[in-house]
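See structure below.
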Amino acid sequence: MGRTSKDKRDIFYRLAKEQGWRARSAFKLLQAEETFHLLGGLTRAVDLCAAPGSWSQVLAKRMYEPLPPEERDKVKIIAVDLQGMAPIEGVTQLRADISKESTAEAIIKFFGGEKAQIVVSDGAPDSTGMHDFDAYVQGELLLSALSISTFILETGGSFVSKIYRADRTSRLYTQLKRFFKDVCVFKPSASRNSSIEAFVVARQFCLPEGHKPCNLITEWHDHPESWVCRKKENPPVVHVPFVAYKGDLDSDRTYDLGEDYVYKEPVQQPLTAAYQDILKKTSQINIKYEGIRVMHDEELFEEWFKAGVDQNSSHDAN
Ligand SMILES: C[S@@+](CC[C@H](N)C(=O)[O-])C[C@H]1O[C@@H](n2cnc3c(N)ncnc32)[C@H](O)[C@@H]1O
């Protein structure tokens with residue numbers, strides 16, 4: 001397979017390179033913007049899970065670049081990710097974990113007493129290939145993004161987040177409905193039909209009376225009955241409208257490149273990739289997949305890994 005094969009198979013990947021976007025994901029936010037008109041006239045935005053930065057590019061293009069240079073300093077856009085990101089004019093970067101309270105505090109500090117008008121989050125874990133597990137972790141990222149929004153979003157503000165449609169999706173909708181008057185699910189044509197990925201577009205943020213901003217994940221796990229479903233056997237049914245973007249281009253189709261086609265390199269190579277470290281480590285050992293152990297503590301992982309290497313034997317990760 002030549003290097004142009006991905007250009008044929010993925011029209012949005014190709015267009016991203018041609019139009020200067022760092023990732024094809026840019027089209028997902030652009031299509032949401034075309035459908036819901038979320039960004040016009042805004043000056044304060046948070047981009048969570050932002051690397052390599054194509055959504056931040058869209059925010060800068062719509063919120064920062066249209067202003068005359070002397071007015072641009074009133075625009076505040078902050079991009080947060082575990083990974084480093086090449087700079088984007090008009091966007092401040094924070095390298096941090098969105099599930100940590102200190103990250104919410106740093107974002108609040110960035111806005112210096114003001115609140116954001118929109119929070120967007122394209123958060124996704126590195127895929128394990130186990131759909132249920134990936135969807136679970138993605139749901140936690142969505143809840144983290146929502147938690148941060150409860151601290152920083154102004155009344156009437158909007159929230160856009162990736163969501164994997166899986167078992168507990170309807171519970172996630174229930175949470176979103178607690179905080180937003182208008183919630184719908186959006187499927188851009190830049191997102192493949194075959195993918196469980198979709199986006200929630202939630203508008204008109206309003207903190208419920210008596211709700212103090214908090215980490216919703218903790219609340220979810222500690223007191224699920226108080227806010228998810230009162231009766232386990234009879235969970236609430238939540239109806240959420242579904243909106244699909246109907247464009248001319250189909251992300252599941254292969255397009256001919258034509259004879260004059262000139263290959264273009266990606267706009268920005270990732271500065272760091274989360275999986276690089278793991279690849280380096282796993283290249284030295286044999287892992288027999290009998291189960292997955294989730295390590296929350298890096299030191300523990302190091303210890304466990306070192307023990308495996310020292311024994312110089314194959315390793316059961318169970
Ligand atoms: C699909 S990519 C985002 C693409 C980005 N919206 C763009 O347009 O370029 C998902 C990102 O989520 C980030 N991520 C995953 N878990 C995170 C966490 N706990 N805190 C911060 N970022 C996280 C990953 O590092 C990755 O860069």
Side-chain angles (χ1 to χ4, degrees), residues 10 12-13 15-17 19-33 38-39 45-62 77-88 91-107 118-128 133-149 152 159-164 186 188 190-192 195-201 215-218 251 266-279 294-296 298:
D10 190 338
F12 289 102
Y13 170 76
L15 285 177
K17 294 192 296 176
Q19 295 179 15
W21 304 111
R22 291 179 180 184
R24 66 191 295 294
S25 321
F27 294 102
K28 300 170 188 171
L29 187 57
L30 286 168
Q31 292 178 351
E33 170 61 2
L38 301 162
L39 301 176
V46 181
D47 182 7
L48 299 174
C49 300
S54 78
W55 280 27
S56 290
Q57 285 182 292
V58 172
L59 296 177
K61 177 91 51 238
R62 292 298 156 96
I77 304 171
I78 185 163
V80 185
D81 203 289
L82 290 169
Q83 308 302 321
M85 222 169 95
I88 296 171
V91 178
T92 300
Q93 288 182 38
L94 173 65
R95 195 160 173 186
D97 183 342
I98 68 159
S99 66
K100 297 236 162 92
E101 217 155 299
S102 54
T103 306
E105 280 159 15
I107 298 172
I118 189 164
V119 174
V120 298
S121 175
D122 194 19
D126 283 337
S127 170
T128 63
F133 182 74
D134 291 343
Y136 175 82
V137 180
Q138 203 283 326
E140 299 289 288
L141 286 176
L142 191 156
L143 281 178
S144 295
L146 183 58
S147 304
I148 288 180
S149 304
I152 196 64
F159 175 78
V160 178
S161 170
K162 192 199 286 291
I163 186 166
Y164 285 172
F186 176 63
S191 174
R192 291 191 183 79
S195 159
I196 56 170
E197 171 193 79
F199 294 84
V200 279
V201 177
N215 182 344
L216 297 171
I217 295 183
T218 319
S251 49
V267 173
Q268 174 71 52
Q269 297 291 352
L271 296 186
T272 51
Y275 50 82
Q276 266 168 3
D277 200 30
I278 288 291
L279 280 183
V294 180
M295 297 277 184
H296 291 287
E298 207 169 298

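Counting convention: from 1, in listed order, for ligands and their atoms alike.
- At least one heavy atom of Pro52 sits closer than 4.0 Å to an atom of ligand 1.
- Of all the listed residues (Leu48, Asp97, Val80, Val58), Asp97 holds the heavy atom that lies closest to atom 19 (N) of ligand 1.
- Under a 4.0 Å heavy-atom criterion, Gln83 is in contact with ligand 1.
- In this structure a side-chain-to-backbone donor-acceptor pair under 3.5 Å is present from Gln57 to Gly20.
- Contact annotation: the side chain of Val160 never approaches that of Glu33 to less than 4.5 Å [non-hydrogen atoms, C-beta and beyond].
- Distances shorter than 4.0 angstrom do not occur between any heavy atom of Ala26 and any atom of ligand 1.
- In this structure, Leu141 is part of the shell of residues with a heavy atom less than 4.0 angstrom from ligand 1.
- Taking every heavy atom of Asp122 and a limit of under 4.0 angstrom, the matching atoms of ligand 1 come to 1 (C), 3 (C), 4 (C), 5 (C), 6 (N), 10 (C).
- Residue contact check for ligand 1: Ala96 places a non-hydrogen atom closer than 4.0 Å to it.
- The heavy atom nearest to atom 12 (O) of ligand 1, out of those in Ser25, Ser99, Ala79, Cys49, is found in Cys49.
- With atom 5 (C) of ligand 1 as the reference point, the heavy atom nearest to it among Ser54, Gly123, Ala50, Pro125 is part of Ala50.
- Contact detail for Thr103 and Ala96: the closest heavy-atom pair is OG1-CB, 3.6 Å.
- Without hydrogens or angle criteria, Gln31 side chain to Ser191 main chain gives no donor-acceptor distance under 3.5 Å.
- Close contacts of ligand 1 with Gly53, meaning ligand atoms under 4.0 Å from a residue heavy atom, involve 7 (C), 9 (O).
- Checked by atom type and distance alone, the side chain of Gln83 never pairs as donor or acceptor with a backbone atom of Ala51 at under 3.5 Å.
- In this structure, Asp10 does not pair ionically with Lys17, as no charged nitrogen and carboxylate oxygen lie closer than 4.0 Å.
- In terms of modelled atom types and a separation under 3.5 Å, the side chain of Arg22 and the main chain of Pro52 share a donor-acceptor contact.
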